[in-house]
K.L.:
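Handing you this structure, nothing more for now.
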Amino acid sequence: MVQQASKTVLVVAAHADDEALGCGGTIARHVMEGNRVHLVVMADGVHSRLDVNPVDLERRLMAAGRAQKILGIEEVHYLGFPDNRMDSLPLLDIVQALEPVLHQLAPQVVYTHHHGDLNIDHRITQQAVMTACRPQPGHAVKEIYGFEVMSSTEWASPQSEPFLPSFFVDITAQLETKQRALAAYAEELRPVPHSRSMEHLEALARHRGYSMGLDAAEAFVVYRLIR
């Protein structure tokens with residue numbers, strides 16, 4: 001049996017916690033399979049809130065560190081863009097901040113947001129990823145997938161691009177790891193019947209799995225797949 005070479009995987013998330021919500025189980029599976037996973041966080045996810053203080057950001061970063069350790073993420077790159085205000089910046093500035101990370105890591109696989117999400121930072125992040133990962137000759141990126149994030153993907157207006165997944169990752173063995181990573185972000189979770197409650201996030205993983213004959217799965221839109 002020929003052993004496959006390990007891959008470099010990059011997750012580009014608008015905010016810390018999006019990586020656990022959208023593809024935490026898939027990250028843990030990549031790590032289990034011997035792949036190296038890196039994370040880019042575009043904005044802090046805190047400073048758009050009323051009455052924010054430095055302690056809030058410190059707690060968010062500490063939670064992110066715990067979650068990323070649980071998932072096995074090798075390195076995190078924080079780009080520091082303004083929270084929920086990424087549309088106030090020229091797209092070129094965002095792309096140029098992301099490109100050095102792509103050049104340094106040369107990932108074969110990239111995960112990012114769905115373009116139709118309600119959250120503006122999610123949409124700008126996806127657009128920046130697609131721009132920075134233009135399929136030029138010799139470019140390392142062969143696969144790009146868009147994940148769903150509860151309280152954004154499902155809240156988009158009917159006129160937005162719908163989330164229609166065609167790629168599913170079996171995370172049956174990684175569901176408990178994903179749940180522990182989500183628990184690290186306890187302050188970002190909400191009580192039932194909120195869609196970003198722990199109960200609903202498990203139900204979503206079960207739903208995505210059951211729809212494919214699996215116990216649990218994460219679903220993705222395929223933006224690029226080169227073989």
Side-chain angles (χ1 to χ4, degrees), residues 2-43 64 68 71-81 86 89-117 119-149 152-153 161 163-171 174 217-227:
V2 178
Q3 185 175 3
Q4 292 185 343
S6 64
K7 296 179 180 179
T8 298
V9 177
L10 180 63
V11 179
V12 184
H15 316 102
D17 81 346
D18 290 333
E19 83 289 349
L21 289 163
C23 60
T26 301
I27 290 171
R29 177 165 171 169
H30 272 295
V31 172
M32 181 199 70
E33 293 174 348
N35 298 318
R36 299 169 57 241
V37 181
H38 293 254
L39 172 65
V40 169
V41 177
M42 305 295 269
Q68 290 146 16
L71 295 175
I73 294 170
E74 187 167 314
E75 186 178 12
V76 184
H77 306 260
Y78 291 97
L79 299 190
F81 290 114
M86 287 180 63
L89 302 172
L91 180 63
L92 179 61
D93 291 354
I94 300 170
V95 171
Q96 288 181 338
L98 181 58
E99 284 178 330
V101 180
L102 287 162
H103 292 156
Q104 172 192 340
L105 298 176
Q108 294 84 42
V109 183
V110 175
Y111 295 92
T112 192
H113 291 276
H114 171 55
H115 188 261
D117 280 10
N119 187 285
I120 187 62
D121 289 352
H122 293 191
R123 299 201 301 270
I124 298 296
T125 295
Q126 192 273 351
Q127 191 174 0
V129 167
M130 297 305 294
T131 305
C133 295
R134 298 181 301 279
Q136 304 179 67
H139 203 285
V141 177
K142 306 299 182 187
E143 304 172 38
I144 305 176
Y145 303 103
F147 49 71
E148 58 184 333
V149 173
S152 182
T153 306
E161 176 186 342
F163 182 78
L164 300 174
S166 58
F167 178 64
F168 297 80
V169 176
D170 184 352
I171 63 163
Q174 290 78 36
E218 288 173 334
F220 302 88
V221 172
V222 178
Y223 289 122
R224 180 179 304 159
L225 180 57
I226 301 174
R227 286 287 188 265

K.L.:
Please report the interatomic distance CG(Leu21) to OG(Ser152), rounded to the nearest 0.5 Å.
P.N.:
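Reported to 0.5 Å precision, the distance equals 10.5 Å.
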K.L.:
On the 0 to 90° scale, with breaks at 30° and 60°, tag the His114-Tyr223 ring pair as parallel, tilted or perpendicular.
P.N.:
parallel
K.L.:
Out of Arg224, Gln108, Arg227, which residue meets the side-chain hydrogen bond (donor to acceptor under 3.5 Å, both in side chains) rule with Glu143?
P.N.:
Arg227
K.L.:
With a cut-off of 3.5 Å and sequence neighbours excluded, list every side-chain donor-acceptor pair involving residues 130-141.
P.N.:
{"from": "Thr131", "atom 1": "OG1", "to": "Gln127", "atom 2": "O", "distance (Å)": "2.8"}
{"from": "Arg134", "atom 1": "NH1", "to": "Thr131", "atom 2": "O", "distance (Å)": "2.5"}
{"from": "His139", "atom 1": "ND1", "to": "Val141", "atom 2": "N", "distance (Å)": "3.2"}

K.L.:
Applying side chain to side chain contact (heavy atoms under 4.5 Å, CB included) to Ile73 and Glu19, what does each step give before you reach the verdict?
P.N.:
CA-CA 10 Å; Ile73 294 170; Glu19 83 289 349; 4.2 Å; yes
K.L.:
Tell me the closest heavy-atom pair linking Phe163 and Ala219, and the distance in Å.
P.N.:
CZ-O, 3.5 Å
K.L.:
To the nearest 0.5 Å, tell me how far His115 NE2 sits from Gln126 CD.
P.N.:
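One finds 5.0 Å between NE2 of His115 and CD of Gln126.
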K.L.:
For residues Cys23 and Val11, report the shortest heavy-atom separation together with the two atoms involved.
P.N.:
SG-CG1, 3.9 Å
K.L.:
I need the minimum non-hydrogen distance between Ala128 and Ile94, along with the two atoms involved.
P.N.:
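Answer, listing the atom of Ala128 first, then Ile94: CB-CG2, 3.7 Å.
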K.L.:
How about Val169 and Phe167: do any of their side-chain heavy atoms sit closer than 4.5 Å?
P.N.:
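Yes, side chains in contact.
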K.L.:
Between Val40 and Met42, is a side chain to side chain contact (heavy atoms under 4.5 Å, CB included) present by the stated rule, with each step listed?
P.N.:
CA-CA 6 Å; Val40 169; Met42 305 295 269; 3.7 Å; yes
K.L.:
Write down the atom of Leu105, the atom of Thr8, and the distance for their closest heavy-atom approach.
P.N.:
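In this case the closest contact between Leu105 and Thr8 is O-CG2, 3.8 Å.
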K.L.:
Under the criterion side chain to side chain contact (heavy atoms under 4.5 Å, CB included), I'd like the reasoning laid out for His38 against Leu10: C-alpha separation, chi angles, the key distance, then a yes or no.
P.N.:
CA-CA 5 Å; His38 293 254; Leu10 180 63; 3.9 Å; yes
K.L.:
Got Val129 and Val110 here, is their nearest side-chain heavy-atom distance under 4.5 Å?
P.N.:
yes
K.L.:
To check you understand the geometry: which heavy-atom pair defines the closest contact between Gly116 and Arg123, and what is its length?
P.N.:
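Distance-wise, the nearest heavy atoms are C-CD, 4.5 Å.
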K.L.:
Do Thr125 and His113 pair up side chain to side chain, a donor and an acceptor below 3.5 Å, judged on atom types alone?
P.N.:
no
K.L.:
So which pairs with a foot in residues 23-33 pass side-chain hydrogen bond (donor to acceptor under 3.5 Å, both in side chains), sequence neighbours left out?
P.N.:
Thr26-Glu218, Arg29-Glu33, His30-Asn35, His30-Tyr111
K.L.:
Is the ring pair Phe147/Phe220 parallel, tilted or perpendicular, if the boundaries are 30 and 60 degrees?
P.N.:
perpendicular
K.L.:
How close do Ala43 and Asp121 get, heavy atom to heavy atom, and via which atoms?
P.N.:
CB-OD2, 4.1 Å
K.L.:
Asp117 side chain to Asn119 main-chain N or O, any donor-acceptor pair under 3.5 Å?
P.N.:
no
K.L.:
Once rounded to the nearest 0.5 Å, what's the spacing between atom CD1 of Ile124 and atom CG of Leu89?
P.N.:
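That separation rounds to 9.0 Å.
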